[in-house]
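Contents: one structure, followed by commentary.
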Amino acid sequence: MTAMWRVLVVFCTLSVLSLSYGGDIKAKSCSDVRQAYTAKGFSLVNVPHQEMSGEHLRVCPQGYTCCTSDMEDKLGQQSKLEFENLVEETSHTLRTTFVSRHKKFDEFFLELLDNSEKSLNDMFTRTYGKLYMQNSEVFLDLFTELKRYYTGGNVNLDEMLNDFWSRLLERMFQLLNSQYHFTDDYLECISKYTDQLKPFGDVPRKLKAQVTRAFIAARTFVQGLMVGREVANRVAKVNVAPACIRALTKMLYCPYCRGLPGLKPCQNYCQNVMRGCLANQADLDPEWNLFIDAMLLVADRLQGPFNIEAVMDPIDVKISEAIMTMQDNSMTVSAKVFQGCGQPKPSGMGSSSRGSRSARGISDVFNARFRPYSPEERPTTAAGTSLDRLRIVWRTMQHSVVDIKEKLKQSKKFWSKLPDEICVKDKMTESDEEQCWNSHAKARYFPEVVKDGLTNQLNNPEVEVDITRPDTLIRQQIMTLRVMTNKLKNAYNGNDIYFQDSSDEGSGSASGNGCTDGCTTEFVFVGSEAPVLGDRSDERSSAAAGGASSSPGPSPFLTLTVLLASLSWSRR
């Protein structure tokens with residue numbers, strides 16, 4: 001009896017201890033969770049002080065919990081917001097790189113063009129005054145069209161340069177044959193013989209090759225920087241699917257519900273979640289890498305023999321050489337023109353014909369044809385000569401290109417590496433693989449990390465991804481990159497592709513190779529909200545236009561005196 005009583009006492013004691021211990025588990029404090037929860041900016045109203053049964057939870061484990069249904073919903077919204085911010089922050093450097101480099105390159109290039117034009121214009125204006133101002137539109141129009149092309153205008157470089165040389169031929173021919181009167185029809189006939197006569201020697205052909213390659217490379221490169229900027233900005237604004245929100249909530253905030261608010265996720269666990277949520281972004285990577293490689297190729301062109309400095313610095317020299325060539329061959333050229341277009345009437349006969357472009361008054365303005373231009377007469381500016389300023393700008397731009405190339409190289413494989421960049425140990429995840437959140441408890445995470453990309457998410461243990469429904473916006477950006485890459489490759493080879501339809505990647509023609517009036521050099525982005533590189537030339541060409549319009553009506557001829565001066569100046 002005594003023995004049985006002792007057994008009963010021991011049993012009762014153990015039962016009481018057991019009940020007491022069980023009561024402690026059920027009554028575990030949620031104070032740490034409440035503190036962490038309020039630190040996120042949430043109200044503590046209806047937040048439990050002690051753990052309770054978790055049958056109501058839809059995402060987190062349904063054991064004893066510190067979370068109500070309302071808390072789980074709010075933590076889910078917080079998970080989405082934090083994920084969006086994580087992607088924005090992680091891609092911040094990439095996006096700002098494209099923004100800043102695009103702005104810097106664009107400013108340098110436009111300043112380079114402005115300085116090149118001013119170097120010529122300032123010297124001619126200071127030396128020849130009103131005479132040059134009345135006849136400067138040939139050169140002013142050349143620079144205006146070059147700027148308009150660069151800033152996205154509908155300009156065919158090949159046709160524009162042909163027109164420049166035709167206008168120059170008309171004026172020079174009238175100047176060298178001032179004893180004759182030429183009608184508009186006759187001048188048009190002269191232009192038709194330009195290719196056969198080659199009055200300017202081989203200069204137009206060589207200059208055209210240099211100008212087209214240099215400007216195609218520069219314009220396409222700055223467009224590429226703009227495309228990279230826009231694509232990165234759009235892809236960084238992730239479309240968070242409901243399945244991704246559940247996975248993020250489970251990873252980031254279910255530790256709160258289990259009373260472990262300070263516990264970080266295991267790194268492999270984090271990578272599986274991020275690979276699932278960023279599967280579409282990873283699919284952008286192959287096309288992104290091809291785009292970066294093409295950008296680097298064109299950047300090489302900007303530093304090579306067809307760089308802008310090699311064209312814009314000696315352009316005055318080359319044009320002067322062309323004019324010298326025509327003057328040397330003027331008798332032969334004139335004879336062939338007379339043979340092909342007919343003998344013109346002497347000046348004084350029909351000179352009053354309305355609408356004609358006569359060469360009257362040539363003796364009044366044409367004198368000192370071979371007047372030497374002294375280097376001491378070169379105009380100066382506060383920063384030295386205009387040419388020196390141009391070279392300073394160019395050197396700065398060259399350093400900028402080197403910097404851009406390094407940044408571009410660093411951006412390769414960015415989108416496939418994005419999950420790894422986010423799941424950095426100690427910052428986002430726990431370095432101790434045994435003391436991290438594995439989606440259920442504080443323990444090791446055993447599943448393997450899946451590969452990146454949409455098709456590899458079929459067996460993702462953490463995120464349910466519908467691999468049959470690619471993200472539409474990402475697919476649009478892939479197409480945008482593909483079109484731009486094609487254009488960059490053509491620019492590297494000296495071809496300028498005109499895209500009329502962004503869905504037709506192969507459409508278009510090279511600059512000057514049969515482009516019709518319908519051609520456009522404006523680059524069309526794929527996507528409903530995609531920007532178009534418009535013609536920004538209007539705002540920058542007004543100064544040049546204003547200079548021309550403020551002077552008296554332009555004379556129909558450009559004196560050889562003005563044109564030859566550039567040769568003298570160039571031999572500094």
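These numbers come from the heavy atoms of this one structure, side chains and all, not from hydrogens, waters or symmetry mates. Along the sequence shown, residues carry numbers from 1.
- Every residue meeting the side chain to side chain contact (heavy atoms under 4.5 Å, CB included) condition with D73, not counting sequence neighbours, appears here in chain and number order: R58.
- Between K28 and Y64, the closest side-chain pair of non-hydrogen atoms is not below 4.5 Å.
- Among residue pairs with one or both ends in residues 234-261, those qualifying as ring pair (Phe, Tyr, Trp, His ring centres under 6.0 Å) are Y253-Y256; sequence neighbours excluded.
- Counting only heavy atoms from C-beta outward, the side chains of I216 and Y149 approach each other to under 4.5 Å.
- Distance alone, capped at 3.5 Å, places no donor-acceptor pair between the N460 side chain and the V273 backbone.
- Looking at V235 and I474, their side chains come closer than 4.5 Å, going by heavy atoms from C-beta outward.
- For the residue pair Q78/K40, the side-chain donor-acceptor check at 3.5 Å is not satisfied.
- Sulfur atoms SG of C60 and C257 are positioned 2.5 Å or more apart.
- Residue pairs satisfying the ring pair (Phe, Tyr, Trp, His ring centres under 6.0 Å) criterion with at least one member in residues 447-491, sequence neighbours excluded, are absent.
- The closest side-chain heavy-atom distance from I292 to F414 is not below 4.5 Å.
- Note that CG of D106 and CD of Q223 are 10.5 Å apart. Values are rounded to the nearest 0.5 Å.
- What you find for V222 and H102 is that their closest heavy atoms are O-CD2, 3.3 Å.
- When side chains are defined from C-beta on, H49 does not count as touching C30, because their heavy atoms never get closer than 4.5 Å.
- With sequence neighbours left out, the salt bridge (Lys or Arg N to Asp or Glu O under 4.0 Å) criterion links K407 to no other residue.
- W437 places no side-chain N or O within 3.5 Å of a backbone atom of E430 that could act as its donor or acceptor partner.
- Taking the side chain as every heavy atom from C-beta outward, F446 and N438 never approach each other to under 4.5 Å.
- Residues P265 and Y445 fail the side-chain proximity criterion, which asks for heavy atoms closer than 4.5 Å.
- With hydrogens and angles ignored, the 3.5 Å screen pairs no side-chain donor or acceptor of D285 with any backbone N or O of Q281.
- Evaluation of the salt bridge (Lys or Arg N to Asp or Glu O under 4.0 Å) rule for D70 yields K74 as partners, not counting sequence neighbours.
- Between the side chain of N280 and the backbone N or O of D471, at least one donor-acceptor pair lies under 3.5 Å.
- Looking at H56, its side chain does come within 3.5 Å of a backbone N or O of C67 through a donor-acceptor pair.
- A disulfide bond (SG atoms under 2.5 Å apart) check over residues 214-250, counting only residues at least two apart or in different chains, returns the pairs C244-C277.
- Applying the 6.0 Å contact sphere to CD of E464 captures no more than 12 heavy atoms from other residues, nucleotides or ligands.
- F83 pairs by the ring pair (Phe, Tyr, Trp, His ring centres under 6.0 Å) definition with nothing, not counting sequence neighbours.
- The neighbour count for Q410 CD, taken as heavy atoms of other residues, nucleotides or ligands under 6.0 Å away, is above 12.
- In this structure the side chain of D452 never reaches within 4.5 angstrom of the side chain of K417, judged on heavy atoms.
- S100 places a side-chain N or O within 3.5 Å of a backbone atom of T97 that can act as its donor or acceptor partner.
- Counting non-hydrogen atoms of other residues, nucleotides and ligands closer than 6.0 Å to CG of N46 gives a total of 12 or fewer.
- Checked against salt bridge (Lys or Arg N to Asp or Glu O under 4.0 Å), R101 has the following partners two or more places apart in sequence or in another chain: D403.
- For the pair G76 and I245, the tightest heavy-atom approach, listed with the atom from each and the gap, is O-CG2, 3.6 Å.
- Using a 4.0 Å cut-off between charged side-chain N and carboxylate O, K409 and E406 make a salt bridge.
- Partners of E88 under the side chain to side chain contact (heavy atoms under 4.5 Å, CB included) rule, at least two apart in sequence or in another chain, are R95, K237.
- Heavy-atom contacts from other residues, nucleotides or ligands closer than 6.0 Å to CD of Q35 number 12 or fewer.
- A donor-acceptor distance shorter than 3.5 angstrom exists from the side chain of T480 to the backbone of Q476, with no hydrogens or angles considered.
- Under the 30°/60° scheme for interplanar angles, the aromatic rings of F109 and Y150 are found to lie parallel.
- Less than 2.5 Å separates the SG atom of C266 from that of C436.
- Among residues two or more places apart in sequence or in another chain, the side chain to side chain contact (heavy atoms under 4.5 Å, CB included) test is passed with Q271 by Q267, N268, R275, D420, C423, V449.
- The heavy-atom pair separating E72 from V59 by the smallest distance is OE2-N, 2.8 Å.
- Among residue pairs with one or both ends in residues 452-480, none qualify as ring pair (Phe, Tyr, Trp, His ring centres under 6.0 Å); sequence neighbours excluded.
- Judged by distance alone, the side chain of Q457 and the main-chain N or O of G453 form a donor-acceptor pair under 3.5 Å.
- Residues forming a side chain to side chain contact (heavy atoms under 4.5 Å, CB included) with I422 (at least two apart in sequence, or on another chain): L86, V87, T90, M274, L278, L418.
- The backbone N or O of R229 sits less than 3.5 Å from a side-chain atom of N233, completing a donor-acceptor pair.
- Between the side chain of S431 and the main chain of K425, no donor-acceptor pair closer than 3.5 Å is present.
- Taking the six-membered ring where the residue is Trp, F291 and F98 present parallel rings, their angle staying beneath 30° rather than reaching 60°.
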